[in-house]
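There's a structure below that I have some questions on.
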Amino acid sequence: MIHIDQKTHTTQDGTTVIILAPVGRLDITTAWQFRLKLQECISKLSRHVVVNLSQVNFIDSSGLTSLVAGMRDADKVKGSFRICNVHPEAKLVFEVTMMDSVFAIFETEEQALEVVPRTIAT
């Protein structure tokens with residue numbers, strides 16, 4: 001079971017952004033739960049999602065797959081999918097798999113949220 005903190009941010013132009021912060025490992029045992037959570041948020045709450053990975057110290061290929069699936073879901077509904085605060089130990093996985101060039105990755109949650117209204121027409 002994975003614990004996922006969830007909060008909502010509303011930008012100045014009224015766009016709702018869901019911030020998800022999973023805690024622990026994003027691996028074969030937890031990735032499917034995270035994937036479902038992403039799907040649910042994008043389909044029911046907002047097409048704009050920021051995933052804060054500061055509390056995730058391990059990601060495997062299934063964890064990456066769940067992130068890619070979330071990004072695709074957001075793309076399908078012309079939303080946005082951003083990742084921020086990647087834990088140093090998890091960062092390597094993004095670099096080795098070259099996924100750091102696929103995802104929009106930001107240092108801080110603030111930076112990830114700042115970009116949303118300017119680059120995406122709602």
Side-chain angles (χ1 to χ4, degrees):
M1 189 68 190
I2 188 170
H3 177 76
I4 304 166
D5 287 327
Q6 178 181 334
K7 55 188 183 180
T8 305
H9 172 83
T10 306
T11 61
Q12 288 169 337
D13 65 357
T15 304
T16 299
V17 182
I18 302 298
I19 301 157
L20 293 178
V23 178
R25 297 164 63 92
L26 208 48
D27 60 20
I28 194 154
T29 58
T30 58
W32 62 275
Q33 291 168 296
F34 185 61
R35 166 90 184 93
L36 289 174
K37 184 74 174 168
L38 280 171
Q39 261 178 327
E40 183 190 334
C41 287
I42 292 165
S43 64
K44 296 186 178 141
L45 302 172
S46 172
R47 56 193 180 160
H48 303 292
V49 175
V50 170
V51 178
N52 184 326
L53 292 178
S54 61
Q55 300 298 307
V56 175
N57 60 358
F58 179 83
I59 297 180
D60 71 1
S61 59
S62 21
L64 278 178
T65 303
S66 68
L67 289 168
V68 169
M71 181 174 65
R72 287 202 182 124
D73 286 349
D75 282 350
K76 274 184 217 152
V77 291
K78 305 213 175 349
S80 63
F81 188 87
R82 298 189 157 72
I83 295 173
C84 66
N85 291 2
V86 180
H87 193 285
E89 290 172 39
K91 205 170 224 156
L92 189 62
V93 175
F94 284 94
E95 289 163 4
V96 169
T97 56
M98 317 241 322
M99 283 305 204
D100 54 344
S101 60
V102 174
F103 292 111
I105 300 179
F106 297 85
E107 287 297 312
T108 67
E109 199 173 283
E110 291 72 35
Q111 287 174 329
L113 289 168
E114 262 172 32
V115 184
V116 176
R118 280 199 289 275
T119 55
I120 289 132
T122 47

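Keep in mind it's a predicted model, so treat the numbers as computed, not measured.
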Item to check | Heavy-atom side-chain proximity of I4 to V23 below 4.5 angstrom | outcome: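 No; the side chains remain at least 4.5 Å from each other.
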Return a table of donor-acceptor pairs under 3.5 angstrom between the side chains of residues 67-76 and protein atoms on other chains or two or more places apart.
| unit_1 | atom_1 | unit_2 | atom_2 | d |
| --- | --- | --- | --- | --- |
| D73 | OD2 | R35 | NH1 | 2.8 |
| D73 | OD2 | R35 | NH2 | 3.4 |

Item to check | Heavy-atom side-chain contact between L53 and N85 under 4.5 Å | outcome: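 They are not in contact (no side-chain heavy atoms under 4.5 Å apart), so the answer is no.
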Checklist entry - Are any of the side-chain heavy atoms of L113 and I19 separated by less than 4.5 Å? => result yes
Checklist outcome for this item: Applying side-chain hydrogen bond (donor to acceptor under 3.5 Å, both in side chains) to D5 and not counting sequence neighbours gives H3
Checklist entry - Among pairs that include at least one residue of residues 19-29, which meet salt bridge (charged side-chain N to carboxylate O under 4.0 Å, His left out), considering only residues two or more places apart or in two chains? => result R25-D27
Next on the checklist: Would a single hydrophobic cluster contain both L45 and V77, if residues Ile, Leu, Val, Met, Phe, Trp and Tyr are joined by side-chain heavy-atom contacts under 4.5 Å?
Outcome noted: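 Yes; L45 is reachable from V77 via cluster members.
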Checklist outcome for this item: Apart from L36 itself, members of its ILVMFWY cluster (side-chain separation under 4.5 Å) are W32
Item to check | Contact check, side chains of I59 and V86, non-hydrogen atoms, under 4.5 Å | outcome: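 Contact flag for I59/V86 side chains = no.
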Checklist entry - Within a strict 4.5 Å, meaning less than it, do heavy atoms of the C84 and T108 side chains meet? => result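 They are not in contact (no side-chain heavy atoms under 4.5 Å apart), so the answer is no.
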Item to check | Sequence-distant partners of S54, side-chain hydrogen bond (donor to acceptor under 3.5 Å, both in side chains), two or more places apart | outcome: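 Checked S54 against side-chain hydrogen bond (donor to acceptor under 3.5 Å, both in side chains); matches are N52.
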Item to check | Partner of E109 under side chain to side chain donor-acceptor pair (under 3.5 Å), chosen from K7, R82, H9 | outcome: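 For E109, the side chain to side chain donor-acceptor pair (under 3.5 Å) test succeeds with only one of K7, R82, H9, which is K7.
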Checklist entry - According to the ring pair (Phe, Tyr, Trp, His ring centres under 6.0 Å) rule, which pairs have a member within residues 78-103, sequence neighbours left out? => result F94-F103
